[in-house]
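It should be emphasised that the depicted structure is a prediction, and the values quoted were computed from it without experimental measurement.
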Amino acid sequence: MASEKKTERGIRIAIDRGGTFTDCVGNPGTGKMKDDVLIKLLSVDPSNYEDAPLEGIRRLLSTFSGKEIPRGAPLDTSKIESIRMGTTVATNALLERKGQDIAMVVTKGFKDCLEIGNQSRPNIFDLAIRKPEVLYKRVVEIDERFTLEDYAEDPERHETGAEPVGEAGKDVELVRGLSGEAVRILQRPSEEKIKAQLQEVYDSGLRSVAVCLMHGYTYPHHEALVGKLARDIGFEHVSLSHELMPMIKLVPRATSACADAYLTPAIKKYIKGFEAGFEGGLGTESVKREKGAKGARCEFMQSDGGLVDVDVFSGLRAILSGPAGGVVGYALTSYDPKTRIPVIGFDMGGTSTDVSRYGSGRYDHVFETTTAGVTIQSPQLDINTVAAGGGSRLFFRNGLFVVGPESASAHPGPACYRKGGPLTITDANLFLGRLLPDFFPKIFGKNEDEGLDAEASEKLFHELTDQINKEITKGSKENEMSLDEVAYGFIKIANETMTRPIRSLTEARGHDTSRHRLATFGGAGGQHAVAIAEALGISQILVHRYSSVLSAYGMALADVVDERQEPESKVWSDEGEVLKYLQNKMKDLKDKSIATLKDQGFDENQINFEEYLNMRYRGTESALMIIRPTKEEAEEAYDGDGWAFGKAFVKQHEQEFGFILPDRDIIVDDVRARGIGKTFEGLEKTVDQQLKEVKPKDLGKNEKQYDKRQVYFEGGRQETAIYRLEDIAVGDRIKGPAIIADGTQTIVVTPGASALLIDTHIVINIGESEGQDTKVNTKEVDPIMLSIFAHRFMAIAEQMGRALQKTSVSTNVKERLDYSCALFDSDGGLVANAPHLPVHLGSMSTCVKKQAEIWRGKLQKGDVLVSNHPMYGGTHLPDITVITPAFSGESIVFYVASRAHHADIGGILPGSMPPNSRELFQEGAAIKSEKLVSEGHFNEKRITELLHTEPAKWPGCSGTRCLADNINDLKAQVAANQKGINLIGALIGDYGEDVVQFYMRSIQDNAELSVRNLLKDVSKRFEGQDLSAVDYMDDGSPIKLKVTINAEKGEAIFDFEGTGPEVYGNTNAPEAVTYSAIIYCLRCLISEDIPLNQGCLKPIHVKIPKKSFLSPSDKAAVVGGNVLTSQRVTDVVLKAFHACAASQGDCNNLTFGFGGNLEGEEAVKGFGYYETIAGGSGAGPHWDGTNGVHTHMTNTRITDSEVFERRYPVLLREFSLRPGSGGAGQHRGGDGVIRDIEFRIPVQVSILSERRVYHPYGLEGGEDASCGLNLWVRKVPNASGSSDAHANGDAPNGIDGKVDVEDADKEKEEYRYVNLGGKNTASMQKGERIIIMTPGGGGWGNVGEESKANKHLWRDSKSSWRQGSVASRQAEAEASA
């Protein structure tokens, strides 16, 4: 690899500075692995050296030069060809919130955009809602505004022509933005005013500023102006969002700009100190220097897996710097471009485990990820932290074995680290003999010279085993668990916890997990790799010889990259002008990259490109980043068309989502070029080449053994051979059970597996499973099996959910993830439910039970039922439930069901969510109980009648307005159910039907026990008194509750006697909704992760008075019951338990649109839009309420402000917090929000809301919160003849009174603020607005009392986790009620 000119300067150094250790790999210039020198040192060791990477380089240079370089002497760069580094400086600054203090500059009306975020809460069952803190200290709102002239949902597809920005005149109002869209400039910024605002910030001491203005990605001029003024004033760092990542979405782009401004100064400071240790300096500029000592090339690893010159390394791109090296390391050493076997990377460290995937010879990138609570928009490798690592803590809670997510971290560390730490996975491995103290560095104890303390681990396992046996055996010795069984139980649960997200990562992208290899690295990976691979069906594991320093080795192999991206909005075409235009745009980006890479010393023949278009079907948000096909792919699949992006998109869409939409346009959202300066020439030999050539030789019984130990495997301890890695030779094959170890890693080879040593790797082939040959006992509950089945049942429900999302077509299901999938026992009792939509929790079971009764003895294999009627366990009509029975012989053994929210099912208004419905028929199709599929035949004719024909027979009603979507989504629900049945079939195949049925019942008993314990605790707290509460709907209807607890049995009666009668409106709530609210409240009160199933309701007897509005007749309208009354029932239950003050108690359902098919008129093509809006959460005994967040029974995300304006004909004037709307108290309630929307064309607008009359209550002396208010800013004839076009009278408090008057005739019209009340619909004209001010949350405790809010407890145990595609899917799923 070393060329002639490199003889003088040959030394290559790669370093990964991690949290605990810094790893260094040096090569003298030969490029051969045998000449590499590896060094591992502590990242922080102030008594010996100031900076670990500098110390590592000093030691490497001393080794290569043969003479000791004294510490502190400047290092000579003349022999160094390159230094490459990955660093956790940015990640740590973000985690510990130790970056630079910054200010954020944003468009007027959006000062709180980052605090509100997407309005969802991170943990749906946490009453003390914890949102990550924002990074800025101050916000500056700039009075400037522009918007997009056209809108994507326009049925006419009108496109406004405009001149490109550069060619348009100075004061032109319409210009063409960078994305090709017409931009209307509404308000130009005033330089003088901005200067004054920025000067004030500068004078306050801040020196770093982030700028993000609405639609700055396509029209960056206003941002650029602010940036110039800030630099002129003297700000040291300015981050402009359009320069960092010119992609649509205000919130992630603003967060990214803030993260960059917050972190880059910290990185620059670190680099400055690092560079000071070298004689000639570092980086491209120092290498070009004519005079004096020349520097060395120095590159830093970015989050996208590419290196970048030290001079341009920035905070935003540094967040995954270290882990990215590991991905590059395993990808380039484990993947063979000829055999093309994809690889799953499994990096298990001390505090966390990272999982990623590499296939088809290229990295998987994602463009929106969350790290330390900060959502970043920037290309990053798709790395997911799935479960904490060796430091994960072990608990026995509510009869279940639980691993993590809490971690013992580095300090105090596991119990065996001699610092008094808790029990962890590391302790379990040590106790079972799977971790060998002889091979562990002796760095523990008072003087840091002792090894691991096995006795400390054993002592704590004794204590935990005693506790477990006490709980499960109730005093009898018969079923006691041994220490070994307990420790091994935790290992099994840890493995189960890790396999679930790995499946999610691969299967969500349409890949089969079992067709991968597992590449394991990181300190703890080798102890778990075989079990993980077995669970995933993977047959081969690769462990690189450098697996413990693979991140550093990855830096040595990585390429230098230059990423360029620009926004776009064109409709894809395989030929013609559009194609030429896109090709030219790509060429411009590539030319810029080539110039940058040449500047860094690359020749043109060393530069390659990956060319991408970010594409999606019109009307969807699921964009796919499509890479340009290679020459071979083009020949093979696309008739030699090298620019077949459209065909490649269709192919990938089908692979990932299971369907295509041939009649829809394909939109290009972004054009991206990734320039790659090649430095990695390829390995001498790939793994597959080595495996072909190697001649395996089985080692004899005692051959080359270092020692023997008794090590625990499934079933008991076995004598296990121990080998030192350095003692075995290439070609040696070791049969399990065995342990192979060196100073940095321990590899466990289980019985039935074998390990083969080749030049670069240890290859483990998995033979017979370590798993379940022993018959599982069904007489007594085994807590380990119970924990495993809890995971398995949840995993089945999750995989059903993934299948549904993948194959569904509508936006509601595919993108808003408004669905639930669940698994039920043979009586219809809930066993497991995912994703968790609180409002579906208890209600689906009511539905399945009802259908099971109706069809008892009448169902055949291949039958599928459908229902949505409120009297049959439905919630509201758009939620359609599809139920499939699973048979064993002639009898039904369990049911699976999926419930999805369909965007339209007919009724009086588009969207089937009318605010003023009085009868059920006005809300659309109502299906009591029908067969959707009969013995495998999908009954399309009957379902079309039910959804399309029958609803239209009612006065003023239409049938469904999107029948094709309904049918496609119903088919997707049927397919998801079938997936569930197949998975349970496999589970029964593994364990037997009796075992699966036994644990279905046991998992319900476990949840029942948790609720009984809760009720006993509550009874003790309230000294046996009954609990009671009452609250009111805005129409005055009371919801009254009395809870009587039997403390001895742990049972309770929830009696709603005194609740108001059925209403002639739509806030009637089917009984199923009350059950959902109760299950949700109980889960919040238990505040631990318990299985959510039918068992939760077994100790509860619910009495709902018939004919009340919580048990309405079968004709009553119910659409508001699901979204409004459910919130009030929750408020009442939590009030009775004195849990917290009221939250906003509302979903603020807003719909608008036009079009439809009214009888006797021609159908009008139009669009419909639906959103729910956040408010304040209630304060509690130890917490303040949270501002601008969704609470209790809903958690849907809001459409990003820029996407909102791109898709619909609206101008969002303001989306901010509503100061002072939360109730005052010892702990303050959260504030609601103000959402001010101006319509740019005439539309029908409807609002369905509550808490406009009755205030959200405070508790324990805390004050009530403000009510909500819905205003219509309406154009009316001018009564007084005044020419003032402002609204008549002053605008309400906190509202921008300025009104655009271009479309109002000043003499004849004026604007008025009209109160719409809580539930209304209105035809709004162009220029009119709706302003929704949402309620706050109530306060807790008397004003003036000292706050007890536990700020220090508000640290999420998962805060350091890297959240790639798996976590974002999970978060979306939990954010979609």
Is any side-chain N of the basic residue among Arg1218 and Asp1231 closer than 4.0 Å to the acidic one's carboxylate O? no

Using side-chain heavy atoms (C-beta onward) and a distance below 4.5 Å, is [X] in contact with [Y]?
{"X": "Gln377", "Y": "Lys249", "value": "yes"}
{"X": "Asp354", "Y": "Met348", "value": "no"}
{"X": "Leu1212", "Y": "Ile1237", "value": "yes"}
{"X": "Pro379", "Y": "Met245", "value": "yes"}
{"X": "Asp304", "Y": "Glu563", "value": "yes"}
{"X": "Leu127", "Y": "Trp1183", "value": "yes"}
{"X": "Glu200", "Y": "Arg138", "value": "yes"}

Is it the case that Thr369 and Gln380 place a side-chain donor and acceptor less than 3.5 Å from each other? yes

Classify the side-chain pair Ser241/Glu223 by whether it contains a donor and acceptor separated by less than 3.5 Å. yes

For residues Arg97 and Tyr262, report the shortest heavy-atom separation together with the two atoms involved. C-OH, 2.8 Å

May I ask you to check whether Phe235 and Tyr202 place their ring centres under 6.0 Å from each other? yes

Which is it for Leu114 and Cys258 under the side chain to side chain contact (heavy atoms under 4.5 Å, CB included) test, yes or no, and what are the steps along the way? CA-CA 10 Å; Leu114 295 193; Cys258 286; 3.9 Å; yes

Count the heavy atoms belonging to other residues, nucleotides or ligands that lie under 6.0 Å from NZ of Lys111, then report whether that count exceeds 12. yes

Can a cation-pi geometry be assigned to Arg1235 and Phe1204, taking NZ or CZ under 6.0 Å from the six-membered ring centre and within 45° of the ring axis? yes

